[in-house]
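I have placed the structure first, in the form of structure tokens, so that the comments after it can refer back to it.
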Amino acid sequence: MKYIALTLLVFLSVIACDKSDDDSPKDPVSQLPLATMTGENTFGCLINGKPFIVKNTNNQVAIYQGGGLSISGSLIIDGFTQEVNIFISESAIGNMIIVNQTYILNNNSTMKGQLYKENENCFLETSDSSNGNIRITNLDSTNFVVSGFFEFEATSNDCQQVVEITNGRFDLQYIP
């Protein structure tokens with residue numbers, strides 16, 4: 001009787017340990033980094049609904065110099081680089097970047113969002129018909145931190161593609 005109880009206990013323990021019961025989030029948005037504003041060096045978005053999360057700080061860049069802000073994050077996917085870039089120029093907006101102001105990303109060379117896909121040698125970018133926006137939630141010139149949200153649609157006539165980049169967020173230490 002003791003062996004039957006022990007066997008039953010082991011059997012129940014094994015079937016209770018289902019690998020699909022892990023604690024990782026299944027919803028793509030909840031897999032993205034938290035929206036922070038303290039220079040945590042996070043960058044993430046959804047590309048056509050799939051998480052694009054840059055954890056390696058060597059692949060995250062924010063530069064705020066000469067009236068321009070450039071933000072990017074890149075990953076190696078299947079051996080090829082994919083890179084999301086956003087550019088804002090103070091000359092294009094007519095003044096300094098204002099916190100909690102939403103800026104339109106379009107096909108202007110100084111205000112755009114871009115996706116580079118190395119495996120296809122393809123640059124997709126915002127345009128008049130496929131644009132997006134960026135909102136800076138923190139621009140700390142003392143601690144050199146820039147944080148915010150972005151989303152845009154990127155297209156390419158050469159690559160015959162349209163890509164939706166949504167739920168973008170970043171909290172980066174920038175190069176002044």
Side-chain angles (χ1 to χ4, degrees), residues 20 22-64 68-89 92-93 97 100-139 145-175:
S20 65
D22 64 28
D23 292 336
S24 62
K26 304 294 184 239
D27 170 45
V29 174
S30 61
Q31 294 177 44
L32 295 175
L34 295 175
T36 56
M37 297 190 301
T38 55
E40 299 293 322
N41 287 321
T42 58
F43 185 99
C45 61
L46 299 180
I47 299 179
N48 289 337
K50 295 182 181 172
F52 181 88
I53 304 163
V54 182
K55 295 180 181 179
N56 184 338
T57 57
N58 289 329
N59 297 335
Q60 305 167 349
V61 178
I63 301 171
Y64 186 35
L69 175 62
S70 174
I71 298 165
S72 68
S74 65
L75 289 175
I76 304 296
I77 299 174
D78 298 328
F80 296 97
T81 300
Q82 277 197 15
E83 185 172 285
V84 174
N85 301 299
I86 302 155
F87 307 100
I88 305 174
S89 171
I93 59 176
I97 295 171
N100 290 319
Q101 172 99 20
T102 299
Y103 297 101
I104 301 297
L105 303 172
N106 54 29
N107 71 340
N108 183 323
S109 63
T110 57
M111 300 291 287
K112 68 180 171 183
Q114 191 177 61
L115 173 67
Y116 171 64
K117 297 170 92 176
E118 180 185 37
N119 62 330
E120 300 171 26
N121 194 28
C122 186
F123 279 96
L124 298 104
E125 55 190 20
T126 52
S127 68
D128 283 337
S129 61
S130 64
N131 56 40
N133 63 70
I134 183 170
R135 181 170 49 96
I136 305 299
T137 55
N138 182 32
L139 187 57
V145 173
V146 62
S147 312
F149 298 96
F150 64 92
E151 64 182 10
F152 60 90
E153 181 180 274
T155 62
S156 170
N157 291 333
D158 295 335
C159 304
Q160 302 296 312
Q161 293 183 28
V162 176
V163 175
E164 291 285 330
I165 297 177
T166 58
N167 297 94
R169 54 189 75 171
F170 57 90
D171 181 23
L172 301 170
Q173 295 176 348
Y174 69 81
I175 300 167

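Positions are given from 1 along the sequence.
K50 NZ to Q31 CD: the interatomic distance, rounded to the nearest 0.5 Å, is 12.0 Å. Atom CG of L69 and atom OG1 of T110 lie 12.5 Å apart (nearest 0.5 Å). In this structure, the separation between CG on L172 and OG on S72 is 8.5 Å, given to the nearest 0.5 Å. Taken to the nearest 0.5 Å, the CG atom of N121 stands 7.5 Å off from the SG atom of C159. Between the CD1 atom in I53 and the CG atom in L75 there is a gap of 8.5 Å [rounded to 0.5 Å]. The distance from the CG atom of N131 to the CD1 atom of I104 is 6.0 Å, given to the nearest 0.5 Å.
Applying the side chain to side chain donor-acceptor pair (under 3.5 Å) criterion to E40, with sequence neighbours excluded, gives T38.
Between F150 and Y103, the gap from one ring centroid to the other reaches at least 6.0 Å.
Side-chain polar atoms of Q161 and K117 form a donor-acceptor pair below 3.5 angstrom. With hydrogens and angles left out, the side-chain atoms of E83 and Q114 include no donor and acceptor closer than 3.5 Å.
Across all non-hydrogen atoms, the minimal contact from G44 to L32 is C-CD2, 3.9 Å.
Proximity of F170 to F149: side-chain heavy atoms (C-beta onward) are nowhere separated by under 4.5 Å. The side-chain heavy atoms of I134 and F152, taken from C-beta on, include no pair separated by under 4.5 Å. In this structure the side chain of L139 reaches within 4.5 angstrom of the side chain of I97, judged on heavy atoms. Residues N100 and T137 are in side-chain contact: their nearest non-hydrogen atoms beyond the backbone lie under 4.5 Å apart.
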Using the rule given for side chain to side chain contact (heavy atoms under 4.5 Å, CB included), can you reason through V84 versus C45, listing the C-alpha separation, both sets of side-chain angles and the distance that settles it, and then say yes or no? CA-CA 9 Å; V84 174; C45 61; 4.2 Å; yes

- Message: side chain to side chain contact (heavy atoms under 4.5 Å, CB included) for N48 and V163? Distances and angles first, verdict last.
- Response: CA-CA 6 Å; N48 289 337; V163 175; 4.0 Å; yes

**Request:** Step by step, work out the side chain to side chain contact (heavy atoms under 4.5 Å, CB included) result for L46 and E151.
**Result:** CA-CA 9 Å; L46 299 180; E151 64 182 10; over 6 Å; no

Requested in this report: Determine, stepwise, if the pair I86 / L105 fulfils side chain to side chain contact (heavy atoms under 4.5 Å, CB included).
Outcome: CA-CA 8 Å; I86 302 155; L105 303 172; 4.0 Å; yes

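Side-chain atoms of D171 come within 3.5 Å of backbone atoms of G39 as a donor-acceptor pair (strictly under, hydrogens ignored). Remark: the backbone N or O of F43 is not paired with any side-chain donor or acceptor of R169 at under 3.5 angstrom. Between the side chain of N119 and the backbone N or O of F80 there is no donor-acceptor pair closer than 3.5 Å.
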Under 3.5 Å, sequence neighbours excluded: what are the donor-acceptor pairs made by side chains of residues 55-63?
unit_1 : atom_1 : unit_2 : atom_2 : d
N56    : OD1    : N58    : N      : 2.8
Q60    : NE2    : N41    : O      : 3.0
Q60    : NE2    : V54    : O      : 2.7

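No option in E153, M111, K112 other than K112 meets the side-chain contact (heavy atoms from CB on, under 4.5 Å) test with T126.
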